[in-house]
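Some notes on the structure that comes next.
In each ligand, atom 1 is the first atom listed, and ligand 1 is the first ligand listed.
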Amino acid sequence: MSETIENANTPRVFVATWGCQMNEYDSAKMVDVLAKNRGATRVATPEEADIILLNTCSIREKAQEKVFSQLGRWKPLKDANPNLVIGVGGCVASQEGHVIRERAPFVDMVFGPQTLHRLPQMLDDVADNGAGIVDIAFPEIDKFDAMPAPRAEGATAFVSIMEGCSKYCSFCVVPYTRGEEISRPFDDVILEIAELAEQGVKEITLLGQNVNGYRGPMADGSICDLAMLVEFVAEFEGIERIRYTTSHPLEFSDALIEAYARVPKLANVLHLPVQSGSNAVLETMNRGYSVEHFIERIEKLRAVRPDISLSTDIIVGHPGEGAAEFEATMDLIERIGFDAAFSFIYSSRPGTPAADMADDEPRALKKQRLKRVQDRIAVFNRQLMTDMVGTTQRVLVERESKRGGGQMAGRTDSNRWVNFEGHPRMAGHFVEIEITEALDNSLRGRIKTHETVVEPLAPA
Ligand code: SAH
Ligand code: F3S
């Protein structure tokens, strides 16, 4: 559809992305917005770009300095080509704002996660006035309104359903950088999913900092929560698998658990960040739930989905975590048997409440703790993978395997990669695969041949 006539009106954009799926999603949207409004195309290196965007993340590291050193590396490109436009977006942009242009005056645009839809306008302003722009406001929902229609690439797609977070965990910058929780209207979400389904998408991941805090306004004035949304999405014939990320234990409602019972399309996997297994630490973290609440939720879920795969986020070394509190986290890992986790050493973020708390456990000790967490979870992961050998898994084939040689690769419900001998034509389709071998980070399998048993009709 898009013609590749290259001139000044069809700029080439390079986007460097740091951080999570949310940021990858935002980067894709930046390119979409510029593609729609300016005919822009995405390029793979900064050297070939007319516009360079840096989409930053500051959740777990001191990204500020990293931003300036990255910008320093791009400065020669700008010196050589004054028409090059450089923009900084994302969380660091919204935290630092004008400071970025003060320290790096050659930056043309600074924009926050909620203003990326205004990029075309910012580009015009830069071209007209030659002056820099800083636009890091939190305008309510109009980011979603201004987004171009989604373009599917392949059989899986992300759909953002809410933005921001109002939980204010002690350690976390998200509420300050992305603003308070705001849900996208139900009709908009459904329309986007309808368009994706029409383009052949089979798996939808509903995306947000706190997706189970979704409270989408509906046309009749009522509110749709995540459980209800999942049921609506499942109604689309083409959509055969539904995932969501990330959710919060506090809002892991009975209704959502019932959705697991009622909606087979809801993938048999849950990522539910717990952060700590100690009630004292959870309280210091302002997480709003107890270990008992978390366990109770999981037990209730397992009553309807006994073999569900469970993963989590864990922070070690948060202020207030001593040896006993850490052991409580190990006990919880043991009790739940998480088969995957993102685990991190606590990192103090300026402006968060935890930054003012005493943090005096030695770093070396925190590293040992992190390793214990990771080693234990690796064993549970290994167990899950070996238990899968001999089972048949429904795999959504995504692409040819990196291994080559006629191998295809796809993912199971539990988000594990499977390689198997197949045909490129299978990409974008669900295939039943018998798992034959568990490797460290992936599975091997073979296509299951079908025997169709025709049941005789029962007498009326
Ligand atoms: N909405 C998610 C969290 C998103 S942030 C939730 O419900 O918790 C992703 C993860 O980064 C968090 O779960 C946390 O484990 C980690 N994280 C956030 N801030 C951190 C910090 N200051 N230090 C270490 N890890 C952090
Ligand atoms: Fe951060 Fe806690 Fe929200 S970890 S994203 S403030 S739920």
Side-chain angles (χ1 to χ4, degrees), residues 18-26 56-64 90-92 94-95 113-114 138 160-183 205-214 226 244-253 256 270-278 281-289 291 293-294 297-298 310-321 326 329 332-333 338 340-357 359 361 363 366-367 369-370 373-374 377:
W18 297 347
C20 60
Q21 278 168 335
M22 215 78 59
N23 264 23
E24 293 288 354
Y25 180 89
D26 280 351
T56 61
C57 169
S58 59
I59 286 194
R60 281 179 298 273
E61 56 177 336
K62 300 196 172 57
Q64 275 73 357
C91 292
V92 178
S94 66
Q95 278 174 311
Q114 316 301 9
F138 292 141
S160 172
I161 63 168
M162 53 95 63
E163 271 285 339
C165 182
S166 311
K167 297 283 187 292
Y168 294 93
C169 299
S170 59
F171 51 83
C172 184
V173 289
V174 169
Y176 313 100
T177 59
R178 287 187 172 260
E180 296 245 321
E181 274 165 30
I182 173 140
S183 295
T205 303
L206 304 171
L207 200 59
Q209 268 327 318
N210 247 320
V211 270
N212 56 341
Y214 181 68
L226 181 64
Y244 60 85
T245 194
T246 308
S247 51
H248 191 285
L250 197 58
E251 284 157 324
F252 197 75
S253 64
L256 194 49
L270 171 65
H271 181 76
L272 195 60
V274 69
Q275 314 297 358
S276 168
S278 150
V281 174
L282 288 175
E283 196 166 337
T284 314
M285 287 177 163
N286 192 32
R287 291 288 292 175
Y289 56 84
V291 180
H293 168 85
F294 187 88
R297 294 286 85 191
I298 297 297
L310 291 169
S311 62
T312 196
D313 289 356
I314 289 174
I315 294 181
V316 302
H318 188 272
E321 184 191 275
F326 173 70
T329 298
L332 182 70
I333 293 172
F338 297 110
F342 296 111
S343 49
F344 317 98
I345 293 181
Y346 164 72
S347 150
S348 170
R349 318 283 54 227
T352 60
D356 298 327
M357 299 177 190
D359 170 20
E361 295 281 272
R363 178 101 189 152
K366 292 183 181 182
K367 281 192 174 161
R369 287 181 184 162
L370 184 69
V373 166
Q374 292 178 341
I377 287 169

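- With a 4.0 Å cut-off on non-hydrogen atoms, Phe344 touches ligand 1 through its side chain and not its backbone.
- Looking at His318 and Met357, their side chains come closer than 4.5 Å, going by heavy atoms from C-beta outward.
- At a 4.0 Å heavy-atom cut-off, ligand 2 touches Tyr168 through the backbone alone.
- Taking the side chain as every heavy atom from C-beta outward, Ile161 and Leu226 approach each other to under 4.5 Å.
- Between Asp26 and Arg178, some side-chain heavy-atom pair lies under the 4.5 Å cut-off.
- Residues Val373 and Phe326 are in side-chain contact: their nearest non-hydrogen atoms beyond the backbone lie under 4.5 Å apart.
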Query raised in the report: Where do Glu181 and Met162 land on the side-chain contact (heavy atoms from CB on, under 4.5 Å) test, with the steps shown first?
Result: CA-CA 7 Å; Glu181 274 165 30; Met162 53 95 63; 3.4 Å; yes
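- Only side-chain heavy atoms of Gln275 come within less than 4.0 Å of ligand 1; its backbone N, CA, C and O stay farther off.
- Listed by number with element, the atoms of ligand 1 under 4.0 angstrom from any heavy atom of Tyr346 are 23 (N), 24 (C).
- At a heavy-atom cutoff of 4.0 Å, ligand 2 is contacted by no atom of Pro273, backbone or side chain.
- The shortest N or O to N or O distance between Cys172 and ligand 1 is not under 3.5 Å.
- Closest approach of Tyr289 to Pro273, counting heavy atoms only: OH-O, 3.5 Å.
- Less than 4.0 angstrom separates some heavy atom of His248 from each of these atoms of ligand 1: 7 (O).
- Ligand 1 places these atoms under 4.0 Å from at least one heavy atom of Arg287: 6 (C), 7 (O), 8 (O).
- Of all atoms in ligand 1, numbered sequentially from 1 with element shown, those under 4.0 Å from a heavy atom of Gln209 are 1 (N), 2 (C), 4 (C).
- For Ile345, the heavy-atom gap to ligand 1 drops under 4.0 angstrom.
- At least one heavy atom of Ile315 sits closer than 4.0 Å to an atom of ligand 1.
- Within the coordination shell of atom 3 (Fe) of ligand 2, defined by N, O or S atoms under 2.8 Å, Cys165 is present.
- Looking only at protein heavy atoms, the nearest one to atom 23 (N) of ligand 1 is Ser347 N, 3.0 Å.
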Query raised in the report: So Leu270 and Arg297, side-chain contact (heavy atoms from CB on, under 4.5 Å) or not? Walk me through it.
Result: CA-CA 12 Å; Leu270 171 65; Arg297 294 286 85 191; over 6 Å; no
**Report entry** Criterion side-chain contact (heavy atoms from CB on, under 4.5 Å) on Glu251 and Lys167, from CA distance to verdict
**Finding:** CA-CA 11 Å; Glu251 284 157 324; Lys167 297 283 187 292; 2.9 Å; yes
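- Listed by atom number, the atoms of ligand 1 under 4.0 Å from Ile59 heavy atoms are 5 (S), 11 (O), 17 (N), 18 (C), 19 (N), 20 (C), 21 (C), 22 (N).
- Every atom of ligand 1 with a heavy atom of Arg349 under 4.0 Å away is listed here by number and element: 22 (N).
- Using a 4.5 Å heavy-atom cutoff, the side chains of Leu310 and Leu272 are not in contact.
- Heavy-atom minimum distance, Ile314 versus Val274: CG1-CG1, 4.3 Å.
- Inclusion of Cys169 in the first shell of atom 2 (Fe) of ligand 2 is supported: an N, O or S atom falls under 2.8 Å.
- Listed by atom number, the atoms of ligand 1 under 4.0 Å from Ser247 heavy atoms are 7 (O).
- Between Phe342 and Phe344, the ring planes are parallel. Angles under 30° get that label, and only those over 60° would be called perpendicular.
- Between Glu361 and Ile345 the shortest side-chain heavy-atom distance does not fall below 4.5 Å.
- In this structure, Arg287 is part of the shell of residues with a heavy atom less than 4.0 angstrom from ligand 2.
- By the 3.5 Å distance cut-off applied to N or O atoms, Asp313 is counted among the residues near ligand 1.
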